[in-house]
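These notes concern the structure reproduced below.
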Amino acid sequence: MIARLTTWLLWTEGSTRPAALLRIALPLLLWDKWARDFLLYKQDTPVDLAIALSFFVATTLLLVGLWTPVAAVWNALTMLTVFFYLGVVRGVEPYTHHHTWLLVVYSVLLALTPCGRSFSVDRWRALTLAEGRGGACPPERGPLWGQRLIALQTTVVYVGATAAKLNLPFLSGVRLQHIFVDRYGSADPVELPGFAVLCCVLAVSTVVIEGALAVGLWIPRFRGPVAVLGLLFHGALFMALPVGPFSATMAALYLAYFDPDAVHRAIDRLLGWTDARQEIDVAA
């Protein structure tokens with residue numbers, strides 16, 4: 001069992017398209033989260049200006065997939081600087097929020113993947129070079145251990161979220177009542193009939209759903225329905241609460257759970273390619 005787990009985690013290879021999609025999603029999420037903070041005219045010191053420039057250059061290179069290994073590491077270092085220097089050293093709370101930390105970890109783990117081998121300028125350059133030399137098309141394949149770590153990190157989020165809610169104030173619905181009053185109500189007590197019961201049901205349902213996501217995304221038979229449940233769950237959170245890009249981040253991270261070769265074939269099918277398995281089968 002240990003040998004199989006080690007092989008699955010460290011030595012398995014597969015299509016790089018899911019990692020590439022994760023690479024494309026990350027800069028968009030980072031821009032939504034921080035681009036307004038890093039506009040150049042808002043920077044007051046040379047250090048702030050350097051961080052802002054680093055942010056925009058690294059994320060742009062990562063988005064288009066140019067010099068991707070360097071861009072991914074550059075982006076990860078920039079995100080670590082944002083979290084630890086701006087957040088911890090300077091004490092700016094939004095940069096130390098757990099949603100921010102998830103994006104930082106996402107950035108670091110993505111740098112461990114071959115995410116530039118698909119849907120990138122690097123891929124285009126590799127194809128052009130191969131055509132010029134009359135060689136074979138470089139396969140879109142690479143080690144999957146970085147993608148496995150992204151999936152494990154996503155599970156840690158759900159396990160932590162579930163564990164943090166296993167207490168009477170949350171399960172009784174009191175915590176949700178406070179959130180509802182803070183966001184939608186006033187200082188007066190809510191007199192809606194059944195409001196307390198509704199909050200209790202929603203609280204218990206939240207714990208059950210997050211627990212199901214922590215386990216079900218690893219089970220191939222249930223992965224599809226559980227992923228749909230997760231998308232609906234995070235969509236509801238996005239509409240109801242100011243969670244920012246957190247919901248979209250979790251939706252993007254679901255890609256790390258799915259079989260990369262199956263994702264590869266699904267994309268080929270969407271594009272109408274009849275020989276969807278050809279490249280994968282040849283590489284394998």
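Predicted, not measured: the structure shown is a model, and the values here were computed from it.
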Open item on the list: T96 vs V92, test: side chain to side chain contact (heavy atoms under 4.5 Å, CB included). Steps then yes/no.
Closed with: CA-CA 7 Å; T96 58; V92 182; over 6 Å; no

TODO: Could you give me the CA-CA distance, side-chain angles and deciding distance for R123 and T68, then say whether side chain to side chain contact (heavy atoms under 4.5 Å, CB included) is met?
DONE: CA-CA 10 Å; R123 171 70 176 172; T68 309; over 6 Å; no

TODO: Evaluate ring-ring contact (aromatic ring centres under 6.0 Å, His included) for F83 paired with Y95, printing each intermediate quantity in order.
DONE: CA-CA 5 Å; F83 183 86; Y95 294 122; 9.2 Å; no

- [ ] Any chance you could lay out the side chain to side chain contact (heavy atoms under 4.5 Å, CB included) test for L63 and W31, step after step, and finish with the verdict?
- [x] CA-CA 11 Å; L63 177 67; W31 289 346; 3.5 Å; yes

Open item on the list: Please determine whether side chain to side chain contact (heavy atoms under 4.5 Å, CB included) holds for the pair T81 and L86, giving the CA-CA distance in whole Å, both sets of side-chain angles, and the decisive distance to 0.1 Å.
Closed with: CA-CA 7 Å; T81 301; L86 297 181; over 6 Å; no

Task: Audit row: T6, W11, side-chain hydrogen bond (donor to acceptor under 3.5 Å, both in side chains) steps and yes/no - done: CA-CA 7 Å; T6 303; W11 308 119; over 6 Å; no

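In terms of hydrophobic clustering, with Ile, Leu, Val, Met, Phe, Trp and Tyr side chains grouped at heavy-atom distances under 4.5 Å, L129 and L66 are assigned to different clusters. Under the 4.5 Å side-chain heavy-atom criterion for ILVMFWY residues, a single connected hydrophobic cluster contains both V89 and V104. Hydrophobic clustering (side-chain heavy atoms under 4.5 Å, transitive across Ile, Leu, Val, Met, Phe, Trp, Tyr) keeps L127 apart from V64. Both L231 and F238 are assigned to one and the same hydrophobic cluster, defined by single-linkage of ILVMFWY side chains at heavy-atom distances under 4.5 Å. A continuous path of Ile, Leu, Val, Met, Phe, Trp and Tyr side chains, each step under 4.5 Å between heavy atoms, connects L152 with L110, placing both in one hydrophobic cluster.
For the pair P242 and R183, the tightest heavy-atom approach, listed with the atom from each and the gap, is CG-CZ, 3.7 Å. Of all the heavy atoms in P245 and D32, the pair that sits closest is CB-OD2, 3.3 Å. The two atoms that bring E140 and R17 nearest to each other are OE2-NH2, 3.1 Å, heavy atoms only. Between A111 and A76, the closest heavy-atom pair is CB-CB, 4.5 Å. For the pair A71 and L61, the tightest heavy-atom approach, listed with the atom from each and the gap, is CB-CB, 3.6 Å. Summarising the geometry of A227 relative to F258, their closest heavy-atom pair is CB-CZ, 4.0 Å, with the distance given to 0.1 Å.
In this structure, F180 CZ and L241 CG are separated by 11.0 Å, a value rounded to the nearest 0.5 Å. Between the CG atom of L213 and the OG1 atom of T154 there is a distance of 10.5 Å, given to the nearest 0.5 Å. A distance of 5.0 Å separates CD1 in I267 from CG in L21, rounded to the nearest 0.5 Å. Within the model, atoms CG of D182 and NE2 of H178 stand 10.0 Å from one another, a figure rounded to the nearest 0.5 Å. Between atom CH2 of residue W34 and atom OG1 of residue T78 there is a gap of 10.5 Å, rounded to the nearest 0.5 Å. Residue C137 holds its SG atom at 8.0 Å from CD of E131, rounded to the nearest 0.5 Å.
Side chains of W74 and S54: a donor on one and an acceptor on the other come within 3.5 Å. Judged purely by distance below 3.5 Å, without hydrogens or angles, the side chains of S118 and T16 pair a donor atom with an acceptor atom.
Summarising the hydrophobic clusters (Ile, Leu, Val, Met, Phe, Trp, Tyr; side-chain heavy atoms under 4.5 Å, direct or chained), the residues clustered with L168 are none. Hydrophobic side-chain contacts under 4.5 Å tie I2 to no other Ile, Leu, Val, Met, Phe, Trp or Tyr residue.
Residues L144 and P260 form a side-chain contact, since some pair of their non-hydrogen atoms from C-beta on lies under 4.5 Å apart. L9 has its side chain out of reach of R4: every pair of non-hydrogen atoms, C-beta onward, lies at least 4.5 Å apart. At a threshold of 4.5 Å between non-hydrogen side-chain atoms, the residues L80 and V108 count as touching. The shortest distance between side-chain heavy atoms of Q153 and L109 falls below 4.5 Å. Contact annotation: the side chain of T249 approaches that of L253 to within less than 4.5 Å [non-hydrogen atoms, C-beta and beyond]. A heavy-atom distance below 4.5 Å is found between the side chains of H234 and Y254. Here the side chains of N75 and F55 are not in contact, with every heavy-atom distance at 4.5 Å or above. Between I24 and L62 the shortest side-chain heavy-atom distance does not fall below 4.5 Å.
For R148 (side chain) and L10 (main-chain N/O), no donor-acceptor pair under 3.5 Å exists by modelled atom type. Distance alone, capped at 3.5 Å, places no donor-acceptor pair between the E210 side chain and the A163 backbone. Using a distance-only test at 3.5 Å, with no hydrogens or angles considered, no donor-acceptor pair links the side chain of Y106 to the main chain of W101. At distances below 3.5 Å, not a single donor-acceptor pair connects side-chain atoms of R175 with backbone N or O atoms of L171.
Residue-environment remark: CH2 (W67) stays at or below the threshold of 12 foreign heavy atoms within 6.0 Å. Other residues, nucleotides and ligands contribute more than 12 heavy atoms inside 6.0 Å of the CZ atom of F233.
Within the structure, the salt bridge (Lys or Arg N to Asp or Glu O under 4.0 Å) test picks out no pair touching residues 18-29 (sequence neighbours left out). Residue pairs meeting the salt bridge (Lys or Arg N to Asp or Glu O under 4.0 Å) criterion with at least one member in residues 72-101, sequence neighbours excluded, are D48-R90.
For the side chain to side chain donor-acceptor pair (under 3.5 Å) with S15, the lone residue among R141, H264, R265 that qualifies is H264. Just one residue in the list L29, L102, T100 forms a side chain to side chain contact (heavy atoms under 4.5 Å, CB included) with F246, and that residue is L102.
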Could you pull out every donor-acceptor pair under 3.5 Å between side chains of residues 193-208 and any protein atom, sequence neighbours left out?
| unit_1 | atom_1 | unit_2 | atom_2 | d |
| --- | --- | --- | --- | --- |
| S205 | OG | V201 | O | 2.7 |
| T206 | OG1 | L202 | O | 2.8 |

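Checked for salt-bridge contact, R125 and D122 meet the test: a charged N lies under 4.0 Å from a carboxylate O. For the pair R223 and D259, the salt-bridge criterion is not met [side-chain N within less than 4.0 Å of a carboxylate O].
Shown here are the ring pair (Phe, Tyr, Trp, His ring centres under 6.0 Å) partners of Y257, two or more places apart in sequence or in another chain: W218.
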